Amino acid sequence: MKKPSFYLEVYKIVRKIPKGRVTTYGTIAMILDNPRAARAVGYALNALKKNVESQSIPWHRVINAKGQISHKGDSSRASLQKKLLLAEGIFFNESESIDFKKYAWINS
DNA sequence: ATCGTGACGAACG
DNA sequence: CCGTTCGCCACGA
């Protein structure tokens with residue numbers, strides 16, 4: 001059977017992330033059997049923000065491998081993301097990064 | 001089919 | 001520790 005587009009797979013994964021947990025672009029890529037497609041994952045989420053369905057996808061739980069928020073210019077989205085994470089009980093250390101030891105998502 | 005682009009990541013210096 | 005460089009991949013024009 002044919003696979004849906006890469007985007008749809010990414011969204012599907014992101015939707016599985018439970019509240020209070022976070023994961024990285026690279027991790028999602030790994031789940032999709034493309035450990036090197038982290039960039040493509042970010043690209044997918046970028047396109048997502050235009051879709052109305054984005055409201056049902058916890059995109060804010062996806063951060064980069066450093067445990068930080070990537071915003072590449074658009075800082076407004078970064079502040080929103082941080083706000084949403086804090087609301088879920090996910091806090092940042094003094095370096096503005098998230099401790100994976102506590103919040104990393106385990107795919108089950 | 002080729003080119004440019006981007007919410008990434010690992011390796012270097 | 002910080003900035004730079006290069007490699008990766010999917011997508012739209």
Side-chain angles (χ1 to χ4, degrees):
Chain A
M1 103 156 197
K2 192 178 170 310
K3 268 176 25 173
S5 73
F6 192 83
Y7 281 15
L8 295 182
E9 292 203 45
V10 171
Y11 305 153
K12 196 162 137 190
I13 298 295
V14 176
R15 261 190 287 262
K16 290 179 182 170
I17 305 174
K19 181 183 176 189
R21 295 276 139 114
V22 296
T23 192
T24 69
Y25 303 95
T27 299
I28 293 176
M30 201 187 322
I31 294 173
L32 298 181
D33 292 310
N34 284 325
R36 317 214 162 128
R39 298 187 73 172
V41 173
Y43 195 81
L45 293 184
N46 178 54
L48 175 64
K49 76 179 179 10
K50 321 173 166 182
N51 287 325
V52 192
E53 301 189 35
S54 62
Q55 52 189 302
S56 63
I57 301 176
W59 57 269
H60 55 276
R61 295 179 189 146
V62 183
I63 56 184
N64 62 23
K66 305 188 206 72
Q68 304 182 293
I69 296 174
S70 297
H71 56 88
K72 204 139 199 191
D74 198 340
S75 57
S76 63
R77 186 180 325 116
S79 58
L80 170 61
Q81 181 164 11
K82 182 174 180 179
K83 179 182 168 187
L84 291 171
L85 291 174
L86 290 173
E88 297 188 353
I90 298 174
F91 302 99
F92 300 71
N93 63 25
E94 60 278 343
S95 301
E96 289 300 307
S97 59
I98 292 173
D99 182 359
F100 286 119
K101 287 287 197 177
K102 301 175 182 172
Y103 310 112
W105 171 50
I106 315 295
N107 182 25
S108 54

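Predicted model, so just to flag it, every value in this text is computed and none were measured. Lettering follows sequence order; numbering is per chain, from 1.
Distance from the side chain of A/A65 is smallest to B/dA10 among C/dC11, B/dA10, C/dG7. The side chain of A/L45 sits closest to B/dA7 out of B/dG9, B/dT5, B/dA7. Distance from the side chain of A/Q81 is smallest for B/dA7 among the nucleotides B/dG6, B/dG9, B/dA7. Distance from the side chain of A/R39 is smallest to C/dC8 among C/dC8, C/dC11, B/dA7. Side-chain proximity of A/A37 to the nucleotides B/dA7, C/dC11, C/dC9 is greatest for C/dC9.
The nearest whole Å value for the distance from the CD1 atom in A/I31 to the C1' atom in C/dC9 is 17 Å. Spacing between atom CG of A/N46 and atom C1' of B/dG6 amounts to 7 Å, rounded to whole angstrom units. The distance between atom CD of A/Q68 and atom P of B/dG9, rounded to the nearest whole Å, is 11 Å. A straight line from OH of A/Y11 to C1' of B/dA7 spans 12 Å, rounded to a whole angstrom. Protein atom CG of A/L8 is 13 Å distant from nucleotide atom C1' of C/dA10, rounded to whole Å. A straight line from CZ of A/R61 to P of B/dA7 spans 22 Å, rounded to a whole angstrom. For the pair A/W59 CH2 and B/dC8 C1', the interatomic distance rounds to 17 Å; values are reported in whole Å.
For the OP1/OP2 pair of C/dC8 and a distance below 4.0 Å, the side-chain nitrogens and oxygens of A/N34 include no atom meeting the criterion.
For the atom pair CD1 (A/I69) and CG (A/L84), the distance works out to 9.0 Å, reported to the nearest 0.5 Å.
Residues A/L85 and A/Y103 form no side-chain contact, since every pair of their non-hydrogen atoms from C-beta on lies 4.5 Å or further apart. You'll find the side chain of A/E88 stays beyond 4.5 Å of the side chain of A/R21, heavy atoms only.
Within 4.0 Å of A/F6, counting heavy atoms only, lie sugar-phosphate atoms of the nucleic acid but no base atom. Contacts of A/A40 with the nucleic acid, taken as non-hydrogen atoms under 4.0 Å apart, include base atoms. Using a 4.0 Å heavy-atom cutoff across all strands shown, A/N64 reaches sugar-phosphate atoms only and no base atom.
Along DNA chain C, the nucleotide nearest to A/R36 and the one nearest to A/Y43 differ in position, and the one closer to the 5' end is contacted by A/R36.
No donor-acceptor distance shorter than 3.5 angstrom exists from the side chain of A/Y7 to the backbone of A/L48, with no hydrogens or angles considered.
In the model, A/Q81 has no side-chain atom that pairs as donor or acceptor with a side-chain atom of A/H71 under 3.5 Å.
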